[in-house]
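Naming: A, B, ... by sequence-line order, numbering from 1 per chain.
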Amino acid sequence: MSVIRSALDTNSEDFRRRHAHNKGQAEDLRNRQEDARTRRPERDYARLERHGKQPPRARLEKLLDPCTPFLEFSTLAGNMAYGGVAPAASCITGIGIVSGHEVVIHADDPTVKGGAWYPLTVKKIVRALDIAIENRLPVVHLCDSAGGQLQLQSDLFPDKYMAGRLFRNQSILSKMGVKQLALVFGQCTAGGAYIPALSDYNVIVRGTGAVFLGGPPLVKAATGQIISADDLGGCDLHTRISGTCDYPAASEDEAIAIGREIVDEWQRPEKRQGEPECVEAPIYDPDELYGIIPEDIKESFDMREVIARIVDGSRFHEYKPAYGKTLLCGYSRIWGHRVGILANNGILFNDSALKGAHFIELCNQNNTPLVFLQNITGYMIGRDYESAGITKDGAKMIMAQACSHVPKFTIMCHASFGAGNYGMCGRAFDGRFLFSWPNHQIAVMGGEQAANTLVEVKRAQLESTGGIADGKTLAELREKTLAAYLEQTSAYYATSELWDDGIIDPVDTRNVLGLAITASMNAPSSGPGEASAARYGVFRF
Amino acid sequence: VPFVLHFHDRTLPVRIVARRPLLRLEVGGKGYTVDDLAGGTKCEFEIMLDGRRVRGWRYVTADEAHIRFGDRTYLMQFPQQATGFLDDDSGNNELRAEMPGTVVAIHCRDGDSVKAGDKLITTESMKLQVVHVSPCDGTVESIDCRVDWPFDKGALLLTLTKVGECP
């Protein structure tokens, strides 16, 4: 497989400027992530200590195997919601290694409002359990939550993908034979009580752990009975009398030790592709990615330069290099795993869309996982392109992509506007994982186009009602719209709303993809020739 | 750049043999010398064709030109223009638009000497800006567009006279 020859001039003014800019963005990202992980008022940590509890990150560190990577999801979920009071959406999710097993972690965060579940907390945990289902990964729950935020209950309780989905997902996991363990460190109230109850195994800490459908305040309100949490649903009640919990633990550390032993006994899954043997690092330094990404979302760049800094040995076997050049397609390896890469090198035209659809079919035929590197401003519009069938060609690409049976992974490298987002495996298309770079922007159209469109609508509205559209008012409207639009277009807004599995530092892309692909290999594939493999809907020709 | 001349039911290939000192064309195997008198307006033109003065009118769109002289109107269709620079026999390079768009910035001036990789023009189509760089060392012969000008597919944006070999 041939090595990509980089044309990047690392001494150029452009490179240096971009490098400084993007490195700054990456540092900003790391600072925000660090804040979301650990920055809390001192009193919150003090309260935990008073109750003999540990912060959730400390529990996690003791649970995970030493010196193993933890692929954390959506660290900045909720960063732009609820006025910023729920850092990381008040929970931790990710994939880590426990006793040599890859497991999905869900940990409540009692340092944020007693671990109360906000709507985005529920969305984040549901997503983690979806990941567990799709990739057949066992789950370890670290429970310590006061229950749902009652003021926001209508946004977290009733709908299909709200709180009930957690317990639905838990049940489905169990049905699939994927194991779950719950470690009960604090309270599991109301719906939260079902998390340990629906886990195959659970451990409860004496004195602080409690499981009940109604907590002491509700019991008092409903029946007048005054009772302590421990008497109502504590360790001894559940491990000696009700049988709701399996193992009593004298301390958090003991609970973690018991949990690690339980996981150690679990059967090891067989991976789809064997473990990679000899892995080449990219020959170009991933740090140079900072010098490639333009500051302006509208500026184009060559995705080959990005691929060269992500894949093994910077090797890329490009498919149809002379046809539909605005969509790069080709084979590479990432940490030894075979992948088919689709990367945007411009607007999608008829030929690039057809090439993409064909390449996706080839990868499905060959059981090759797909990696999408998005920098897409859309499918080409205009009469010439419509008459050439751009809509039906785009539809072919979407159909091929959506019906793929191989695992799909998406990195939002830069722009993701309009229908290009669909063709390139946006969030709606059930990719196994989707991560964004900090510079990423996403919207149905570009900010400037949206602002101009709205200003035109406003002008027409004013004129039709006899008003006068003066330039200053319209300019102000445009600026205001643009500012609001840009905020909602940003990667931080997207990750706040859980439209991705987290923002990553571009230099980590290779490692994140490596971990994600490895995790995906736990799920069996429907191989070529099997009934479910390579089946599509009706392509419009 | 090869053209195809559709003349009633006949299709004639047109080849530019030379641009300087005078435009020399080969149409259907027969050679003609054209001297543009640079007269007329945007639509009207006046040329010397093999020493004979010819006046006519033209209307050009992105992929075809309607030309009227004598008492007849001819339709000339351009071939699908590939992007970027195209070599022709006279050593010229033309930058033509790959798709409709707008000129965002011009980074050079008429007569500038440029090196391979120097930025020439930035265009924007579909929210995506593309910087067109020089494929080789050369001289900017003419800039055929202006900032903020919208253009159609195939429009001529810039002409470059090549000095060195393209790397």
With side chains defined as the heavy atoms from C-beta onward, is the minimum distance between [X] and [Y] less than 4.5 Å?
| X | Y | result |
| --- | --- | --- |
| B:Arg68 | B:Arg58 | no |
| B:Val147 | B:Val104 | no |
| B:Asp144 | B:Leu157 | no |
| A:Asn11 | A:Arg16 | yes |
| A:Met303 | A:Asn375 | yes |
| A:Val455 | A:Thr453 | no |
| A:Leu370 | A:Ile360 | yes |
| B:Cys108 | B:Asp118 | no |

Exercise for the section: Find the one option among A:Phe417, A:Tyr385, A:Tyr379 whose heavy-atom pairs under 4.5 Å with chain B are most numerous. Expected result: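 Of A:Phe417, A:Tyr385, A:Tyr379, A:Tyr385 has the most heavy-atom pairs under 4.5 Å with chain B.
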
Exercise for the section: Can you check whether anything in residues 347-358 of chain A gets within less than 4.5 Å of chain B, heavy-atom wise, and list it by number? Expected result: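 Interface residues of residues 347-358 of chain A: A:Ile347, A:Phe349.
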
Exercise for the section: Name, in order of residue number, those residues of residues 293-301 of chain A that have a heavy atom at a distance of less than 4.5 Å from a heavy atom in chain B; otherwise write 'none'. Expected result: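 Under the 4.5 Å heavy-atom cut-off, A:Asp296, A:Lys298, A:Glu299, A:Ser300 qualify.
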
Exercise for the section: For B:His132 and B:Thr122, run side-chain hydrogen bond (donor to acceptor under 3.5 Å, both in side chains): C-alpha distance rounded to whole Å, both residues' side-chain angles, the deciding distance at 0.1 Å, then the answer. Expected result: CA-CA 6 Å; B:His132 302 274; B:Thr122 302; over 6 Å; no

Problem - Toward chain B, the part of A:Ile381 with a non-hydrogen atom under 4.5 Å - result: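 For A:Ile381, backbone and side chain are both near chain B.
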
